[in-house]
Amino acid sequence: MKPSGRPLLFLVLIAAGLLCNFSFGQDGKEKEGSRTTRTILFVCEHGAAKGVIAAAYFDKLAKDRNLDYKAAFRGVNPDAALNATAAKGLKEDGIDIAGWKPVLVEKKDVDDASRVVTLGCTLPAGISKASKVTDWSNVASPSQNYEYARDDIRKRVQKLVDDLAREKESANNGK
């Protein structure tokens, strides 16, 4: 009996399929890897209201401007849960913060962030990276007047997003 060429053809097709799959996967990973998402860290006293509002609006506004940034929020003395007034207000604003919870700020958070914004608090000793820390003092308490606090925070976040968009544009024009 003469051996059929089918097993060899089958092996060639399998090898070709694996090579194609490997190269497509490689292309996808290279594209993802070339786009670096940087973090803006918002830190407030309890990590439960001001920083949450800032992070939520930053993510929304940065996405609208197609910026490769994401927000994180932390607390110097974190509460056990998000501030109920802030959570309710953000939900009414149409922003989903399901699963978000206050977390203690750590040195790694600050080191890994592109920029750090403190909202009327002081970073713990040994954590500060003064060159990339901005303080937004005098932001009203969301518990006392959510709309007023939100509008103030959103205005500041909008300016930050605008600045980052200008930096991106300048960098792109310089290439």
Side-chain angles (χ1 to χ4, degrees), residues 29 32-169 171:
K29 288 179 183 172
E32 283 178 13
S34 68
R35 206 173 164 169
T36 304
T37 301
R38 293 165 286 188
T39 301
I40 304 296
L41 179 64
F42 295 97
V43 183
C44 61
E45 184 65 29
H46 302 289
K50 295 175 186 178
V52 174
I53 295 167
Y57 274 99
F58 180 87
D59 281 346
K60 179 182 181 335
L61 296 169
K63 182 179 178 184
D64 292 347
R65 296 289 289 271
N66 197 30
L67 295 176
D68 295 328
Y69 284 91
K70 65 178 175 128
F73 65 96
R74 297 290 185 266
V76 175
N77 297 301
D79 284 348
L82 295 183
N83 174 284
T85 303
K88 179 181 178 223
L90 287 167
K91 184 176 180 179
E92 289 172 357
D93 292 344
I95 297 177
D96 181 16
I97 56 168
W100 290 23
K101 67 177 198 157
V103 176
L104 178 67
V105 65
E106 295 183 359
K107 185 176 183 332
K108 182 176 181 357
D109 299 320
V110 174
D111 289 346
D112 291 348
S114 295
R115 294 188 190 197
V116 179
V117 177
T118 56
L119 290 107
C121 66
T122 303
L123 292 172
I127 289 186
S128 180
K129 293 275 190 190
S131 64
K132 62 180 175 179
V133 177
T134 302
D135 184 48
W136 291 350
S137 295
N138 304 322
V139 173
S141 169
S143 295
Q144 294 181 6
N145 187 334
Y146 172 77
E147 290 80 13
Y148 182 78
R150 178 211 48 216
D151 291 349
D152 183 27
I153 292 169
R154 185 176 174 160
K155 180 179 71 175
R156 295 172 193 231
V157 167
Q158 183 66 64
K159 183 183 179 320
L160 174 59
V161 168
D162 291 344
D163 290 346
L164 293 171
R166 275 191 291 280
E167 287 175 17
K168 178 182 176 182
E169 189 176 310

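Residue indices begin at 1 and follow the sequence shown.
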**Item:** Separation between OH of Y148 and CD1 of I153, rounded to the nearest 0.5 Å
**Value:** 11.0 Å

**Message:** Regarding D112 and T39, do their side chains bring together a donor and an acceptor under 3.5 Å, going by distance alone?
**Reply:** no

**Asked** Do any N or O atoms from the side chain of D96 and from the backbone of K91 form a donor-acceptor pair under 3.5 angstrom?
**Response** no

**Prompt:** So V105 and L41, side-chain contact (heavy atoms from CB on, under 4.5 Å) or not? Walk me through it.
**Reply:** CA-CA 9 Å; V105 65; L41 179 64; 4.3 Å; yes

**Message:** The criterion is salt bridge (Lys or Arg N to Asp or Glu O under 4.0 Å); which residues satisfy it with K88, sequence neighbours excluded?
**Reply:** E92

**Heavy-atom pair with the smallest gap, counting every atom of V157 and Y57** = CG1-C, 4.0 Å

**Message:** Using side-chain contact (heavy atoms from CB on, under 4.5 Å), reason through L164 and F58 one step at a time and then give a plain yes or no.
**Reply:** CA-CA 11 Å; L164 293 171; F58 180 87; 3.8 Å; yes

**Message:** Set out, in order, the CA-CA distance, both residues' side-chain angles and the distance that settles side-chain contact (heavy atoms from CB on, under 4.5 Å) for R156 and V139, then state yes or no.
**Reply:** CA-CA 10 Å; R156 295 172 193 231; V139 173; 3.8 Å; yes

**Asked** So, the side chain of K60 versus the backbone of I95: is there a donor-acceptor pair under 3.5 Å, distance only?
**Response** no

**Prompt:** How long is the gap from CG on D152 to CD1 on I53, to the nearest 0.5 Å?
**Reply:** 10.5 Å

**Message:** On a heavy-atom basis, which atom in R65 and which in A165 lie closest, and how many Å separate them?
**Reply:** NH2-CB, 3.0 Å

**Prompt:** How long is the span from the CD1 atom in I40 to the CZ atom in F73, to the nearest 0.5 Å?
**Reply:** 15.5 Å

**Prompt:** Got more than 12 heavy atoms from elsewhere within 6.0 Å of CG, D64?
**Reply:** yes

**Complete:** Smallest heavy-atom separation, D93 atom then R150 atom, equals OD1-NH1, 3.0 Å

**Item:** Under 3.5 Å donor-acceptor, N83 side chain and A48 backbone
**Value:** no

**Message:** If we ignore hydrogens and angles and just use 3.5 Å, is the side chain of H46 paired with the main-chain N or O of N77 as donor and acceptor?
**Reply:** yes

**Message:** Check R115 with E167, please: is the shortest side-chain N to carboxylate O separation under 4.0 Å?
**Reply:** yes

**Request:** Please answer whether the main-chain N or O of D111 pairs with a side-chain N or O of K132 as donor and acceptor at a distance below 3.5 Å.
**Result:** yes

**Asked** Do the rings of W136 and F42 sit parallel, tilted or perpendicular, given the 30° and 60° boundaries?
**Response** tilted

**Fill in**
On a heavy-atom basis, the closest approach of V76 and L104 is O-CD1, 3.3 Å

**Prompt:** Shortest non-hydrogen contact from I97 to A56?
**Reply:** CG2-CB, 4.4 Å

**Item:** Expected output: side-chain K168 to main-chain N66 donor-acceptor under 3.5 Å
**Value:** yes

**Message:** I'd like to know if the side chain of D109 reaches the main chain of E106, judged simply by a donor and an acceptor atom lying under 3.5 Å from each other, with no hydrogens or angles considered.
**Reply:** yes

**Prompt:** How many angstroms lie between atom CG of D79 and atom CD of E45, to the nearest 0.5 angstrom?
**Reply:** 9.0 Å

**Item:** Nearest heavy-atom neighbours spanning A49 and P142
**Value:** CB-CG, 3.9 Å

**Asked** Given side chains that start at C-beta, do those of R154 and L61 come closer than 4.5 Å, heavy atoms only?
**Response** yes

**Asked** OG1 of T134 to CG of L119: how many Å apart, nearest 0.5 Å?
**Response** 10.5 Å

**Item:** side-chain contact (heavy atoms from CB on, under 4.5 Å) between D162 and Q158, worked out
**Value:** CA-CA 6 Å; D162 291 344; Q158 183 66 64; 2.9 Å; yes

